[in-house]
Number of protein chains: 2
Amino acid sequence: MTRVSQKIQPFSQECNDCPIRHRAVCARCEADELTLLEQIKYYRSFEAGQTVVWAGDKMDFVASVVTGIATLSQTMEDGRRQMVGLLLPSDFAGRPGRETSAYDVTAATDLVMCCFRKKPFEELMIRTPHIGQRLLEMTLDELDAAREWMLLLGRKTAREKIASLICIIARRDASLQLNASDGELRFDLPLTREAMSEYLGLTLETVSRQVSALRKEGLIVTEGKRQIVIPDFDLLLEETGDDSDGGFLI
Amino acid sequence: MTRVSQKIQPFSQECNDCPIRHRAVCARCEADELTLLEQIKYYRSFEAGQTVVWAGDKMDFVASVVTGIATLSQTMEDGRRQMVGLLLPSDFAGRPGRETSAYDVTAATDLVMCCFRKKPFEELMIRTPHIGQRLLEMTLDELDAAREWMLLLGRKTAREKIASLICIIARRDASLQLNASDGELRFDLPLTREAMSEYLGLTLETVSRQVSALRKEGLIVTEGKRQIVIPDFDLLLEETGDDSDGGFLI
DNA sequence: CGTCATATTGACTGGTGTCAACCAGTGTGG
DNA sequence: CCACACTGGTTGACACCAGTCAATATGACG
């Protein structure tokens with residue numbers, strides 16, 4: 001688990017071509033504001049498994065996830081770990097006005113981040129309200145997601161947790177790529193069993209058992225190690241314990 | 001559980017005399033901005049146990065908690081409940097830009113809120129950046145608290161959960177009133193066993209058992225039903241599972 | 001082929017949930 | 001005034017879900 005080696009990937013440096021342009025912290029920026037951001041941004045790439053920063057370490061930048069998935073985790077003294085954030089493309093990492101990272105930030109998959117040095121970003125935030133407004137909106141969304149997650153952690157059974165996680169990832173995948181080939185959903189699980197267990201507050205053995213159970217019952221089909229097919233999404237939704245109706249696609 | 005009856009309590013209507021003036025969403029406002037807020041604010045009082053709004057119901061205001069404690073809870077179809085927010089004086093309820101409440105909002109104790117009709121508040125937010133800035137700051141704090149809470153829900157034992165909750169309330173109590181009479185901490189538990197169980201993702205029986213266990217071991221002393229004395233705070237802290245050092249008093 | 005990381009499965013344990021009885025305090029109405 | 005109900009809390013007996021420990025698969029990669 002090294003924290004070196006971030007080769008600059010071939011990637012368009014133009015904000016206008018950016019895949020997350022309309023959803024990230026810069027979403028509301030006008031052309032001139034974008035120019036200012038463009039001057040202080042730089043890209044960093046990480047390989048799957050690499051740590052971006054450790055909890056407590058100095059973090060002198062904030063960043064948007066461009067491609068890939070990052071996780072935020074907390075660790076207890078005796079090693080118990082709980083994931084507390086799952087950052088997908090366009091999500092924001094780091095906190096303006098704070099020196100160090102409160103969490104371990106890890107690349108769950110290969111990852112590209114659009115980074116801004118913290119100081120200039122903070123100054124820019126004061127001058128351009130559009131950034132602060134968008135950040136507030138995104139933080140409120142994060143808070144809602146965290147509260148949904150708390151319900152899962154506090155009250156759901158292992159089976160419901162697994163079904164919920166698969167539905168969450170399926171939804172997010174569907175919202176990015178519109179691969180609605182009939183009612184059947186197909187996507188890659190971007191998390192290892194261990195990462196899933198850290199997300200769900202379970203052991204990795206329980207995760208494995210419950211995934212197997214859902215497979216044996218035909219609620220999901222696995223192809224290879226990571227690929228998942230959901231033959232009937234509504235059927236799986238019923239296993240999450242959530243209200244049947246409340247399912248809005250992101 | 002009615003939702004009527006909010007008698008206006010005798011309470012200073014002057015923002016300058018407000019006990020939460022320096023910590024609430026209005027904390028950064030200048031005198032002139034405060035005047036604008038003052039024009040659209042109104043107080044509402046609730047008795048312990050009353051519901052402020054139900055999840056899904058229209059909520060046409062946002063509000064600061066002035067005195068007392070409010071809770072945010074989610075309910076699953078079959079009745080399982082999880083608390084997802086604990087609002088203390090100066091904390092903010094409601095979300096600008098959203099019509100309905102996402103959670104049940106309940107008065108855990110007698111409660112006074114300083115309310116703003118949503119529309120005027122949103123318009124004010126656009127014109128006075130200080131409100132949005134402060135709200136962002138508070139939301140980021142809420143998010144951090146929610147993530148700490150997720151660690152508790154996902155990874156802590158019942159005993160650690162109870163110890164953690166008592167420490168959290170003791171800290172907050174100490175931060176409001178500086179009653180540092182020696183090393184001994186004394187305060188009222190503002191939550192019923194049921195509310196504690198909803199906070200912690202436990203049953204109320206388990207809460208009761210673990211509180212009794214801590215009492216029998218002398219880690220806490222109970223006087224009457226609700227009053228709690230902590231003879232040695234550090235000793236109790238060791239039962240939370242948290243890092244021994246990281247304990248900053250709010 | 002061996003090694004390593006990841007995943008699966010089994011046997012067993014134990015912590016927490018469930019169901020139920022009981023207690024204490026408070027308010028109510030005959 | 002006392003019987004009664006009602007709410008909030010405590011304690012016990014027992015069941016069961018998920019954790020623990022361990023063995024075995026699977027696949028990637030040298």
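Lettering follows sequence order; numbering is per chain, from 1.
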Can you tell me which nucleotide in [options] comes closest to the side chain of [X]?
X        : options                : value
A/Ser212 : D/dG9, C/dT9, C/dA7    : C/dT9
B/Ala158 : D/dG19, D/dT11, C/dT16 : C/dT16
A/Thr192 : C/dA7, C/dT8, D/dG19   : C/dA7
A/Gln210 : D/dA18, D/dT20, C/dT8  : D/dA18

What is the nucleic acid contact for [X], judged by heavy atoms within less than 4.0 Å: base, sugar-phosphate only, or nothing?
X        : answer
A/Leu202 : sugar-phosphate
A/Arg80  : nothing
A/Ser208 : base
B/Arg155 : nothing

Q) Of the options A/Arg171, A/Lys161, A/Lys156, which is the one that meets A/Asp242 in a salt bridge (Lys or Arg N to Asp or Glu O under 4.0 Å)? A) A/Lys156
Q. Are B/Trp149 and B/Tyr199 close enough that their ring centers fall under 6.0 Å?
A. yes
How many Å lie between [atom1] on [X] and [atom2] on [N], as a whole number?
X        : N      : atom1 : atom2 : answer
A/Leu214 : C/dT9  : CG    : P     : 13 Å
B/Arg159 : C/dG14 : CZ    : P     : 18 Å
B/Asp188 : D/dG8  : CG    : C1'   : 16 Å
A/Glu205 : C/dA7  : CD    : P     : 12 Å
A/Leu153 : D/dA18 : CG    : C1'   : 15 Å
A/Arg226 : C/dT6  : CZ    : P     : 9 Å
A/Leu191 : C/dA5  : CG    : P     : 20 Å
B/Leu200 : C/dT16 : CG    : C1'   : 13 Å

Q. Is there a side-chain polar atom (N or O) of A/Thr206 under 4.0 Å from OP1 or OP2 of D/dC17?
A. no
Q. Has the side chain of B/Arg209 got a donor or acceptor that lies under 3.5 Å from a partner of the other kind on the base of D/dG12?
A. yes
(Q) For A/Val84, is there any backbone N or O sitting under 3.5 Å from a side-chain donor or acceptor partner on B/Arg147? (A) yes
(Q) Under 6.0 Å from the ring centre and within 45 degrees of the ring axis: does the NZ or CZ of A/Arg44 meet both conditions for the six-membered ring of A/Phe61? (A) yes
Q. So, do A/Leu87 and A/Leu72 sit near enough that their side-chain heavy atoms are less than 4.5 Å apart?
A. yes
